[in-house]
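Below you'll find the structure, written out as structure tokens, and then a few comments.
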Amino acid sequence: YCTDGMMHIKTSDGSLYAYGRNMNANSGVTGGVISVATKVNLPNAVIDMRYTFSYGTVLCQLDTTSVYGWGRNVNGELGQGNAAAVPTPSQRAGASIAIGTSYNATAIVSGTASLVTCGGQNDGQLGNGITTAGNVYTYGARAYPSDLNNIRSPVDCSTTYTSAFMSPDGIYYTGSNRSVFGGPSGTATVAVYTKCSDLPILYSNIT
């Protein structure tokens, strides 16, 4: 996994190692530049990982299906009620089956069929019905019009101002028209999760 000046390496046993610039506390390891790959202290194996678009914050899904996060948190995207940086991993939410990020925003889908988001809401990417600039510092539940129990992690986890997930009957997104979500020309900006495409392959073939 790579972002601006930072690399995370996941090994076959699910361990995570950090290497690089360590700007905005996004390594998960305390200190400055990391010149030798260093293990990130996590309680279980990593299944999946996401950076926010602004490369400042990290979400990790573990094999216990819990989510840990760390990093810049400049827009409150770690959901802890403030914009203070989090230099080492801490648990963000309960059980999760999918994680996602956008521009300084995060989304977690829990096994209890709820989707929560927080962070920057510049263009509707939180799915809370708001398209004006501002920040949400704690996770709030959002409506998702498809099957949350079988949702997949984002179609694109780094598209500016857009959050999108795959479900059995298609792709759903919320946010701006800065990408193709919303149509071939990306002409529709929405502030709640909205279907934008059927799946081009069988859902059962998606891993």
Side-chain angles (χ1 to χ4, degrees), residues 1-112 114-119 139 148-159 163-166 203-207:
Y1 305 91
C2 295
T3 188
D4 187 55
M6 192 68 234
M7 174 185 290
H8 284 93
I9 304 161
K10 187 177 77 168
T11 60
S12 59
D13 66 355
S15 297
L16 194 71
Y17 289 79
Y19 176 80
R21 189 178 184 188
N22 195 23
M23 190 174 85
N24 300 321
N26 63 357
S27 70
V29 178
T30 57
V33 173
I34 302 170
S35 57
V36 176
T38 302
K39 190 174 182 178
V40 179
N41 184 21
L42 289 162
N44 295 94
V46 173
I47 292 178
D48 198 6
M49 190 182 122
R50 296 282 184 262
Y51 299 104
T52 57
F53 184 80
S54 60
Y55 58 78
T57 302
V58 179
L59 287 181
C60 266
Q61 181 179 349
L62 307 186
D63 65 0
T64 57
T65 66
S66 58
V67 174
Y68 279 68
W70 62 88
R72 188 181 184 191
N73 192 38
V74 69
N75 290 91
E77 60 267 33
L78 289 178
Q80 62 182 17
N82 56 46
V86 179
T88 55
S90 62
Q91 190 167 0
R92 295 295 94 201
S96 178
I97 55 176
I99 57 176
T101 62
S102 179
Y103 183 83
N104 282 337
T106 62
I108 298 174
V109 183
S110 76
T112 57
S114 64
L115 186 156
V116 297
T117 67
C118 66
Y139 284 108
L148 276 171
N149 287 304
N150 289 292
I151 200 171
R152 301 284 186 180
S153 283
V155 175
D156 186 339
C157 65
S158 62
T159 299
S163 172
F165 289 93
M166 290 176 286
Y203 187 79
S204 59
N205 287 342
I206 298 172
T207 61

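Just so you know, these numbers come straight off a predicted model, no measurement behind them. These values consider heavy atoms only, across backbone and side chains, with no hydrogens, waters or symmetry-generated copies.
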Do Thr101 side-chain atoms and Tyr51 backbone N/O form a donor-acceptor pair below 3.5 Å?
yes
Within residues 86-98 or reaching into it, pairs that qualify as side-chain hydrogen bond (donor to acceptor under 3.5 Å, both in side chains) - sequence neighbours excluded
Ser90-Arg92
Output yes when a side-chain donor or acceptor of Asn22 lies under 3.5 Å from a complementary backbone atom of Val33, and no otherwise.
no
Working for side-chain contact (heavy atoms from CB on, under 4.5 Å), residues Leu115 and Phe165:
CA-CA 11 Å; Leu115 186 156; Phe165 289 93; 4.2 Å; yes
Sequence neighbours left out, what passes side chain to side chain contact (heavy atoms under 4.5 Å, CB included) with Ala18? Give chain and number order.
Met6, His8, Ser27, Val29, Ile34, Val40
Going by the rule side chain to side chain contact (heavy atoms under 4.5 Å, CB included), which residues pair with Thr64 if we only count those two or more places apart in sequence or in a different chain?
Asn44, Leu62, Ser66
Side-chain heavy atoms of Cys60 within contact of Leu16, under 4.5 Å
yes
With sequence neighbours excluded, tell me which residues meet side chain to side chain contact (heavy atoms under 4.5 Å, CB included) with Ile97.
Val109, Ile151
Under the 3.5 angstrom rule, does the side chain of Thr38 hit a backbone N or O of Val36 as a donor-acceptor pair?
yes
Hits for side chain to side chain contact (heavy atoms under 4.5 Å, CB included) against Ala85, two or more places apart or cross-chain, chain-then-number order -> none
Would you say Thr57's side chain and Gly71's backbone share a donor-acceptor pair under 3.5 angstrom?
no
Between Gln80 and Leu78, is there a donor-acceptor pair closer than 3.5 Å when you use the side chain of the first and the backbone of the second?
no
Sequence neighbours left out, what pairs pass salt bridge (Lys or Arg N to Asp or Glu O under 4.0 Å) with at least one residue falling in residues 8-18?
none
